[in-house]
Peer 1: 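The structure that follows is given in the form of structure tokens.
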Amino acid sequence: MKWSKYFIPTQKQAPKEAETISHKLLIRAGLIDKLSAGVYTYLPLGLKVLRKIENIIREEMNKAGAIELLMPALQPSSLWKESERLDKMGKDMIRFIDRHGREMIFGPTHEEVITDIIRRYIKSWKQLPIILYQIQTKFRDEIRPRFAIIRAREFLMKDAYSFDLDEKGLDKSYNLMKETYIKIFKRCGLNFTIREAESGVIGGKFSEEFVAEGECSELEVGHIFKLGLEYSKSMKAYFLDKDNQEKPIYMGCYGIGVSRIVAAIIEGNYDKNGIIWPFSISPFLVDIIPINMTDSGIVNISEKVYNQLKSNNISVIIDDREESAGVKFKDADLCGFPIQIIVGKKIKDKKLEVKKRKDGEIVEIAIDKVLDYINSLVELESVRI
RNA sequence: CGGGGCGUAGCGCAGUCCGGUUGAGCGCGCUUGGUUUGGGACCAAGAGGUCCUCGGUUCAAAUCCGAGCGCCCCGACCA
């Protein structure tokens, strides 16, 4: 990607409304833009980060045997009457009356919808167990949205639901999801703790939450629940067992705040100059910085390295703007790209500099050895995780 | 929803107390030309505003009064 052709609106100063570090950096690095309280656009760089996280989640969920589907955000409120949650969720739900006079809601979560699907399609013990999940936008009219995307009214969530024959099966699914979550958060570069939690409106007997470390008090980034028979009984989701008995399905549900992870990662990975993305999450792995765009030698080498990395499937952006070196350095640090390749005076010795964002270490590398060096850094990082 | 703060150019702010040479300004950013190019360069010339909105007071309102809207923070609340 060429920086000059891309859209990265960085800012020197954060708006005064931003107080937490992730909020400030998300805006300064041009990742998000506020439309209304708790309602944000993901700008191109922010979207890339979101997609990286989504894909990590997908990979790990799929490995665990979970199956992706996509449910609608719009739901008839009648389903919520069945589960007796319409009043419990209360004003957190965004509701409206459609032109036919039916009350609809924007889904804050999807236990009702998934249970409705399961009760209509799952009839036999032979079809169980099964875990279904989706990555989808949720709507909650929060009492107080805050810290930008940490508590938003519209946010991206991965929600999974397990369906088992009995309690033992539920325990197994639950533990499988717990292990999967640990893998996901580790791959996202998050330090976190797991603790027993209140089940709240979601219900069930037992739940644990994953809390990311950081200065910001919120984050909770994941929450897993043993729902048991709560929904299957109220919504009549039964299966026919081997002994020809009709039995309720044991359920569990498992949420990850995908967009909240973005903020959580920043809260745990930054310095005074900006974001420090983990390799696995960064919108671009490498930022090539030609020190002077009027120096044809520098420009040529920069483009050569850019094309080389690109053709080797390394995610790379080249800062080809006609800006001073200082501006490019500052933006590179602010946006948090893990590796900066600085193309400057040293090209006369056929060398350039590779700087690691995390520790600031700069290594001079021969131009024709850059690809190998970048690959070795990636290798080291993957071993570390 | 209770408490607190804020609303003036894209961002950060001054001006508001004490209404009138402040024909609404500053820094950054933006445009054009030139000089620059190793940590947010310099010179010159420019563009950009319903001073949140509506109403009131007044000869005169960014400034005073009233209502409303929006945003942020604390609390309660919350997958």
Side-chain angles (χ1 to χ4, degrees), chain A residues 9-20 23-24 27-28 30 33-40 85 88-93 107-112 136 138-148 150-153 155-161 177 181 197-204 206-211 216-227 252-260 272-274 289-295 298-299 319 321-335 340-347 352-353 355 360 362 364:
Chain A
T10 60
Q11 294 181 327
K12 280 190 186 179
Q13 286 168 306
K16 66 174 172 211
E17 66 190 35
E19 290 194 14
T20 54
H23 190 173
K24 285 180 185 168
I27 288 173
R28 287 194 53 215
D33 173 74
K34 185 179 74 182
L35 181 62
S36 180
V39 182
Y40 287 83
R85 284 211 298 177
K88 271 190 216 166
M89 267 286 177
K91 288 188 170 174
D92 281 358
M93 283 199 291
T109 178
H110 281 68
E111 282 78 14
E112 280 76 4
Q136 189 232 27
K138 297 282 187 278
F139 297 85
R140 292 185 191 178
D141 195 3
E142 293 287 347
I143 294 174
R144 177 150 91 91
R146 59 178 123 181
F147 313 138
I150 290 180
R151 177 170 295 272
R153 294 197 293 171
F155 60 98
L156 196 65
M157 176 173 169
K158 188 283 307 180
D159 45 326
Y161 305 89
M177 284 298 106
Y181 272 36
E198 296 288 323
S199 294
V201 186
I202 297 298
F206 181 76
S207 82
E208 288 172 292
E209 58 187 6
F210 291 73
V211 183
C216 188
S217 58
E218 301 255 340
L219 290 180
E220 181 189 331
V221 290
H223 202 151
I224 54 179
F225 300 80
K226 288 186 187 178
L227 296 173
C253 73
Y254 316 93
I256 291 179
V258 182
S259 42
R260 189 178 275 184
K272 66 174 170 27
N273 295 313
I289 302 175
I291 261 354
N292 183 348
M293 290 303 289
T294 61
D295 182 319
I298 288 176
V299 171
D319 196 344
R321 294 175 299 170
E322 307 253 349
E323 290 284 357
S324 68
V327 170
K328 295 185 183 185
F329 289 141
K330 290 286 185 187
D331 272 348
D333 285 349
L334 177 61
C335 294
Q340 298 170 17
I341 296 178
I342 300 155
V343 186
K345 293 169 190 164
K346 306 231 163 57
I347 59 166
L352 31 73
E353 291 155 87
K355 178 185 160 186
I362 296 175
E364 287 183 22

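Below, chain A is the first sequence line, B the second, and so on; all start at residue 1. If you're wondering where the values come from, they're calculated on a predicted model, not measured in any experiment.
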Peer 1: Provide the Watson-Crick or G-U wobble partner of B/C51, both distances under 3.5 Å; none if there is no partner.
Peer 2: none

Peer 1: Give one of base, sugar-phosphate or nothing for A/Asp331, where a contact means two heavy atoms less than 4.0 Å apart.
Peer 2: base

Peer 1: Only pairs with both distances under 3.5 Å count, Watson-Crick or wobble alike; so what is the partner of B/C6 in this structure?
Peer 2: B/G70

Peer 1: Base, sugar-phosphate alone, or nothing: which one does A/Ile289 contact when heavy atoms must sit under 4.0 Å apart?
Peer 2: nothing

Peer 1: Check every strand shown and say whether A/Glu353 touches a base, only sugar-phosphate, or nothing at a heavy-atom separation below 4.0 Å.
Peer 2: base

Peer 1: Classify the side chain of A/Lys355 versus the base of B/G39 as yes if they form a donor-acceptor pair under 3.5 Å and no if they do not.
Peer 2: yes

Peer 1: A/Phe225: which residues meet the ring-ring contact (aromatic ring centres under 6.0 Å, His included) condition with it, sequence neighbours left out?
Peer 2: A/His223

Peer 1: Pair A/Thr109, A/Glu111 - check side chain to side chain donor-acceptor pair (under 3.5 Å), show working.
Peer 2: CA-CA 6 Å; A/Thr109 178; A/Glu111 282 78 14; 2.7 Å; yes

Peer 1: Could you let me know what B/C42 is paired to, Watson-Crick or G-U wobble, both distances under 3.5 Å, or none if it's on its own?
Peer 2: B/G34

Peer 1: Does the B/G39 base have a donor-acceptor partner in the side chain of A/Asp333 within less than 3.5 Å?
Peer 2: yes

Peer 1: List the protein contact pattern of nucleotides 8-13 of chain B with one symbol per nucleotide (5' to 3'): B for base contact, S for sugar-phosphate-only contact, - for none; contact means a heavy-atom distance under 4.0 Å.
Peer 2: ---BSS

Peer 1: Do any side-chain nitrogens or oxygens of A/Ser36 fall under 4.0 Å of OP1 or OP2 in B/C71?
Peer 2: yes

